[in-house]
Amino acid sequence: MPIPEDVTGDEIDNDVRQELQSLPKTLAEDVAKNLVMVARLIDEDPEGAYGYSKVALRLASRVAAVREAAGFAAYANQKYAEALAEFRAARRMTGTVDLWPLMADCERGLGRPEKALDMAGAPEVHKLDKAGQVEMRLVAAGARRDMGQLDAAIVTLQSPELASHSVQPWTARLRYAYADALLAAGRNGEAREWFAKAVEADRDGSTDASDRLAELDGVEFVDALDETADGADADAVAAKPVGVGQDDDAADRADDEHDSDDQDAEDAEDAEDAADEADDADDADVKDLDDEDRGER
């Protein structure tokens with residue numbers, strides 16, 4: 001895949017650069033450039049990021065940072081079986097537990113919330129830093145919702161981090177998840193309060209809490225350029241009240257917070273087999289690429 005001229009590979013983190021030192025110089029530069037493209041595109045163009053991750057994986061599958069990047073790219077494209085296999089490989093290579101919450105969320109994506117809950121109670125969780133533990137809590141609450149256990153999901157999210165008045169990187173998402181669970185349970189008044197708190201913490205617009213809050217307040221934003229908006233000002237966005245059924249629509253939307261991609265039981269079993277096969281192939285891939293690298297040199 002083409003690499004833009006402004007990408008040099010020097011943009012990667014020092015830790016990743018150190019990992020790439022085990023490769024021949026030219027190969028390391030090529031891998032670095034592809035990893036830069038993965039990071040650059042993963043939010044706006046996940047399919048493009050996935051393509052670059054596959055190139056990096058073909059060039060250097062024995063590098064943990066490459067396996068991790070491939071996992072993130074697959075995860076962004078909802079390829080959960082593939083993401084899980086890559087995260088497992090990266091974890092085996094590094095021995096760290098940082099990817100544990102993402103691995104559990106992949107289990108959710110594959111339609112296995114029970115497995116995600118098992119991981120939430122595993123010893124590895126105690127080794128996570130605070131951000132990782134909050135992420136694990138979010139995944140566990142989502143798994144409870146997948147199983148229709150709304151009250152349990154709400155209780156799972158209740159924590160010192162939720163009650164804290166200080167704003168941390170995870171605060172907006174934690175408050176948002178709590179508000180969304182409350183709304184799904186029909187506790188609209190409490191949900192509105194927590195959506196408002198999420199707005200206060202969401203400094204970079206990582207959630208749509210402000211839109212959800214406006215929705216609960218009975219306000220719908222209409223594009224002024226929309227031909228169906230009678231009398232709309234072409235230079236502004238108009239707001240108008242919505243009907244009584246809005247709360248029901250919001251609750252339905254909340255129930256779909258983390259859909260497992262509508263996979264049936266047979267699809268989930270196939271995905272599990274694919275993840276296991278990918279794990280078994282790791283060692284063989286590493287040997288093949290070692291041989292390939294030696295041949296290039």
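Quick caveat, the model's predicted, so the values are computed rather than measured.
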Min side-chain heavy-atom separation F87-W100 under 4.5 Å: no
Side-chain donor-acceptor pair present, E190, Y178, cut-off under 3.5 Å: no
Distance-minimising heavy-atom pair for G9 and A32: O-CB, 3.7 Å
Over 12 foreign heavy atoms within 6.0 Å of CZ, R17: yes
Minimum heavy-atom distance T171-A201, with the two atoms named: CG2-CB, 3.8 Å
Cluster overlap M103 with F72, hydrophobic side-chain contacts below 4.5 Å: yes
Test item: Q133 side-chain N/O and L128 main-chain N/O as donor-acceptor pair under 3.5 Å: yes
Pair R145-D151, salt bridge (Lys or Arg N to Asp or Glu O under 4.0 Å): steps then yes or no: CA-CA 9 Å; R145 292 190 61 173; D151 290 341; over 6 Å; no
Contact check, side chains of P113 and E107, non-hydrogen atoms, under 4.5 Å: no
ILVMFWY cluster, I12 and V66 together (side-chain gap under 4.5 Å): yes
Gap between atom CG of L99 and atom CD of E68 - 0.5 Å precision: 4.5 Å
Residue pair Q168, E161: steps toward the side chain to side chain contact (heavy atoms under 4.5 Å, CB included) verdict: CA-CA 9 Å; Q168 302 295 334; E161 292 79 20; over 6 Å; no
Distance in Å, R173 CZ paired with S206 OG, rounded so as to fall on 0.5 Å steps: 7.5 Å
Presence of salt bridge, D118 and K115, under 4.0 angstrom: no
Partners passing side-chain contact (heavy atoms from CB on, under 4.5 Å) against A49 (at least two apart in sequence or in another chain): V38, L41, I42
Same apolar cluster (I L V M F W Y, side chains within < 4.5 Å links), V7/L59: yes
Contact summary for S166 and S164, nearest pair of heavy atoms: OG-OG, 2.9 Å
Residues M37, V55; criterion side chain to side chain contact (heavy atoms under 4.5 Å, CB included); working and verdict: CA-CA 11 Å; M37 292 305 300; V55 174; over 6 Å; no
Heavy-atom closest pair, residues L117 and A140: CD2-O, 3.6 Å
Interatomic spacing from CG in D15 to CG in L20 - rounded to 0.5 Å: 11.0 Å
Note: E193-K197 ion pair, threshold 4.0 Å (strictly below): yes
Heavy-atom side-chain proximity of L138 to T156 below 4.5 angstrom: no
Distance-only donor-acceptor check, side chains E82 and Y50, under 3.5 Å: yes
Close side-chain approach of L183 and R212, heavy atoms under 4.5 Å: yes
Minimal non-hydrogen separation, L174 against L162, with atom names: CD2-N, 3.6 Å
Atom pair CG (L182) and CD1 (I154), whose distance is rounded to the nearest 0.5 Å: 4.5 Å
Distance in Å, E124 CD paired with T96 OG1, rounded so as to fall on 0.5 Å steps: 11.0 Å
Pair K130 + E135, salt bridge at N-O below 4.0 Å: no
Check against side chain to side chain contact (heavy atoms under 4.5 Å, CB included), V31 and V63: CA-CA 10 Å; V31 173; V63 176; over 6 Å; no
Backbone N/O of Y75 and side chain of Q78: donor-acceptor pair under 3.5 Å: no
Atom pair CZ (R40) and CG (D45), whose distance is rounded to the nearest 0.5 Å: 12.0 Å
E19 side-chain N/O to A64 backbone N/O, donor-acceptor pair under 3.5 Å: yes
Distance-minimising heavy-atom pair for A116 and A104: CB-O, 3.4 Å
Hphob cluster co-occupancy, F195 + L157, side-chain heavy atoms under 4.5 angstrom: no
Side chain to side chain contact (heavy atoms under 4.5 Å, CB included) assessment of R192 paired with D217: CA-CA 8 Å; R192 189 203 177 283; D217 286 342; 2.7 Å; yes
Verify same cluster id: V134, M136 (apolar side-chain graph, 4.5 Å): no
Among R92, R67, K54, the one residue meeting salt bridge (Lys or Arg N to Asp or Glu O under 4.0 Å) with E86: R67
Check ion pair D180-R175 (N to O, under 4.0 angstrom): no
Test side-chain hydrogen bond (donor to acceptor under 3.5 Å, both in side chains) applied to Y176 and D202, step by step: CA-CA 9 Å; Y176 182 95; D202 195 1; over 6 Å; no
N/O donor-acceptor pair under 3.5 Å between D13 side chain and V16 backbone: no
